[in-house]
Number of protein chains: 2
Amino acid sequence: MATDQGTLAADLAKIVGAEHVLGPRARAYRADSTETMGLTGRPDAVALPGTAEEVAAVVGWCYERGVAIVPRGGGTGFSGGATPLEGGVVLSLERLGRVRAFDPLLWRMEVEAGVTTRTVQRLARENGLFFPVDPGAAESSLIGGNVATNAGGPHCFKYGVMRAWISGLEVVLAPGELARIGGATRKDVAGYDLVGLLTGSEGTLGVVTAVWLKLMPAPAVSLPVCAFLPDAQAGQEAVERVLGSGVVPAAIEYLDSATLSAAGSTFPGRAADREGFLVIAEADGSEAEAAELADALGPGALRPDARELWRWRESVSLAVTAQKGGKLSDDIGVPVDRLAEAVDGTIEIGARHGLEACSWGHAGDANLHSTFLLTPGDAGELRRAEAAAEELFDLAIELGGTISGEHGLGWLKRDRLHKQWSPAAVAAHRAIKDALDPKGLFNPGKKTP
Amino acid sequence: MATDQGTLAADLAKIVGAEHVLGPRARAYRADSTETMGLTGRPDAVALPGTAEEVAAVVGWCYERGVAIVPRGGGTGFSGGATPLEGGVVLSLERLGRVRAFDPLLWRMEVEAGVTTRTVQRLARENGLFFPVDPGAAESSLIGGNVATNAGGPHCFKYGVMRAWISGLEVVLAPGELARIGGATRKDVAGYDLVGLLTGSEGTLGVVTAVWLKLMPAPAVSLPVCAFLPDAQAGQEAVERVLGSGVVPAAIEYLDSATLSAAGSTFPGRAADREGFLVIAEADGSEAEAAELADALGPGALRPDARELWRWRESVSLAVTAQKGGKLSDDIGVPVDRLAEAVDGTIEIGARHGLEACSWGHAGDANLHSTFLLTPGDAGELRRAEAAAEELFDLAIELGGTISGEHGLGWLKRDRLHKQWSPAAVAAHRAIKDALDPKGLFNPGKKTP
């Protein structure tokens, strides 16, 4: 770094105030949710700007001096995207917490990047509306991070991922320019889709400071229907029957049998057995739709309470972690007719590496949380899991899929895009990075190395 | 051009076959739907490749020799995007007409760029599915063109524009590389959203050769509800009541009173008067939803037959043209609470320039087809209309909107993005063009000049 840490802190303090600059030891800013895998970094400084203009000034200061910028939302990411592994200034957006405008009758909200996902969901719900993006950790994940990762969740099956709910972005571009792209207008094809390009770019092309969100009226009902199938193949067939039913389910989820071993005991439905391969399909239009989903899932379909079911579903990840204390979890995606192969393949790859494995996730989008259980501190096991993860990526690509359906590449999967994309497509990707970040200072080492 | 026309035709013939190369006089390839405004070009040659590999070879040949490439779909665009105004090779995609795969039970289809929009709609419908993108001229518009413009239509209010229905693209990038980005997998955040970036890029970043489409089960019903309101302000208030009803309408359309004067006599509903400001809201879930929409529209709401109504709605554009024989029609978008100002502003701007004006379009997205009537061949009137259009763009931007909601900038609105975007955002746009098309040969002069 061209600037010593004393100068760095003093100059940042002039922009955001001394009380909003932290030093390299600020523990909370050294890692994200990948910390359990031993991934921690060391920032040169942490800046907590309070306005979009302050974000632009911090980026401008860094860009002029060649200092890396590591944007940070709620730190709930699963790929190390917010971890300052190569130093630089961690730019935390948590103080950009204003809801700038909310017009419930017009289905729209303008929020700063530091507003939590839960706040948006709650404000929507209190006004008869719905914000369908529902990643895990909604209490602490920030909207800016949801944009940076193009976040998903169960209900994105019917309603689309984060991009579908954005009509405009306020963003700081290199070399420190605050720009607005789009706004409250719902349709716009005047320029290239920079909103889409920035969404999911993981802080490598700029820093999002505010978002114009689209919302929709809350669905009439929430009627989940569940079935325990014998195995992944039978589960996939059930999913395909659901798709063929004529109903558009709000969500289609699954848990494989190994996941059920970890999380099944607290399943809220009355099932004689809680074994096998669980498929959940939710109707949100009418009771008639739920009945059609139950028909599609077959005899023995259960109808658990929606609130209890989704609360349980949110607990699955922690229940899996609790098995051995740690895990390496990936988020591959495949075409829906390859779901069973990906589920069974996860187990087989784990077995080849001497690892317990399981998967659960978004069956309708065939987006798996393929997971290898880890004992914290066991370096050999971690190495085997990393090797297993590479085989998992190869499997996803062999099945016509992706190495990341919703978490992004971050640090953990950096430099893997060439596995999935052709050289020409990877070259286009790199050309865009170079075009928008010519000094390579936005979240260096992440996504595109 | 560095290559003479004889060499050009001979070399292209080696790639696509002599019978698939046409000369500069090929009348059908000199203009698109903007021809009525006098916009025609002159290609150096027209190539009609039959495969994606041939497209790549033509692009490669052109890119090496510095010859411009003008991609062409069905030629139904309204902004001159397919018109070869500066010569070059018109690359028509009409022979790429294969449906490569169709899995109705998995809601997906892989089609080449030359398949018509109507074919996709029909195949979907025949299999109980729905492809919601419904631009005008669906009989002749091609899916590749729908991608290039990120096409919309009435039902995109509920279901989203073209981008929402694409899971992957096959595309030829500079300098002639065939690349595949995405595929049948529904969720993918591994790379930047190149699919989104190419969608709506109007052939200026590459040439789309095939598309992986998402589809959905056909909605249960199609129940349009209509009301004639006194004026645009009352119409906007009715639209806002519809938004506040709790129902998500499939479409919310409007026709202003001047448009009704042109098209109202064939309106299929039984209305005593066919005057004022018409609002159409369509329910596609249930009769109960339609009743709620009728309540929201107020007393006197009508319930016309859906097929008749939409057939009539498709005829509106031609009925307006028939008034004087020609028109200049733009497609501005504004926030929905500024709809009335944009509608009234269109009339006022026309009046200031001595032009009859009207507008109709997608009220829920506040995407107007703001139109000035023209007498064909009247050059003075055309000049006044062009001046009026500039004022219309200014109005849209003043209201927080866009100069193009669905047609794109093409040739007609090239070099207008700076009106709407800040210098930093425009610079990012230009940087992307330069990064992906370093020689500036993909549809030069269009969108970004």
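Lettering of chains follows the sequences in order, A, B, ..., and the numbering in each one begins at 1. Just the heavy atoms: all of them, side chains too, but no hydrogens, waters or symmetry mates, feed the values below.
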Parallel, tilted or perpendicular: rings of B/Trp107 and A/Phe157 (30°, 60°): tilted

Max heavy-atom pair count under 4.5 Å with chain B, selected residue of A/Leu198, A/Val171, A/Asp434, A/Thr204: A/Thr204

Proximal component of B/Asp188, with respect to chain A [non-hydrogen, under 4.5 Å]: both

Residue part contacting chain A, namely of B/Ala428, when any heavy atom lies under 4.5 Å: both

From NZ (A/Lys187) to CG (B/Asn150), nearest 0.5 Å: 9.5 Å

Nearest heavy atoms of A/Gly400 and B/Arg180, plus distance in Å: O-NH2, 4.4 Å

From A/Lys433 atom NZ to B/Tyr192 atom OH, the distance as rounded to the nearest 0.5 Å: 5.0 Å

Minimum heavy-atom distance A/Ala431-B/Ala435, with the two atoms named: O-CB, 3.6 Å

Toward chain B, the part of A/Glu406 with a non-hydrogen atom under 4.5 Å: both

Toward chain A, the part of B/Thr149 with a non-hydrogen atom under 4.5 Å: backbone

Check: B/Thr402 side chain, A/Gly182 main-chain N or O, donor-acceptor pair, under 3.5 Å: no

Pick from A/Gly405, A/Gly401, A/Pro423, A/Ala424 with the largest number of heavy-atom pairs that fall under 4.5 Å of chain B: A/Gly405

Top of A/Leu178, A/Leu173, A/Leu205 for chain B proximity - count of heavy-atom pairs under 4.5 angstrom: A/Leu205

Minimum-distance pair of heavy atoms, taken over all atoms of B/Ile181 and A/Ala425: CG1-CB, 4.1 Å

Top contributor to chain A contacts, counting heavy-atom pairs under 4.5 Å, from B/Ser167, B/Gly206, B/Gly408, B/Gly191: B/Gly191

Chain A contact via B/Val161 - which portion, at a heavy-atom distance below 4.5 Å: side chain

Qualifying residue for side chain to side chain contact (heavy atoms under 4.5 Å, CB included) with B/Leu243, from A/Leu106, A/Asp103, A/Leu105: A/Leu106

Close side-chain approach of A/Asp337 to B/Arg108, heavy-atom, < 4.5 Å: yes

From CD1 (A/Ile432) to CG (B/Leu197), nearest 0.5 Å: 5.0 Å

Option in B/Leu129, B/Asp365, B/Ile332 with maximal non-hydrogen atom pairs under 4.5 Å from chain A: B/Asp365

Which of A/Arg163, A/Lys447, A/Glu240, A/Arg241 touches chain B most, by non-hydrogen pairs under 4.5 Å: A/Lys447

Side chain, backbone, both or neither of A/Lys158 within contact of chain B (heavy atoms, under 4.5 Å): neither

Interface residue of largest heavy-atom contact number with chain A, from B/Ser201, B/Gly244, B/Gly200, B/Ala218, under 4.5 Å: B/Ser201

Region of A/Val247 in contact with chain B, defined by heavy-atom distances below 4.5 Å: backbone

Atom of B/Val189, atom of A/His407 and distance for their closest heavy-atom approach: CG2-N, 3.9 Å

Interchain contact, A/Ala164 with chain B, by part (heavy-atom threshold 4.5 Å): neither

Nearest-0.5 Å distance, CG of residue B/Asp193 to NE2 of residue A/His429: 9.5 Å

For A/Thr185 against B/Gly333, the heavy-atom pair lying closest together: CG2-C, 3.7 Å

Minimum-distance pair of heavy atoms, taken over all atoms of A/Gln420 and B/Ala190: OE1-CB, 3.6 Å

Min side-chain heavy-atom separation A/Glu177-B/Ser422 under 4.5 Å: no

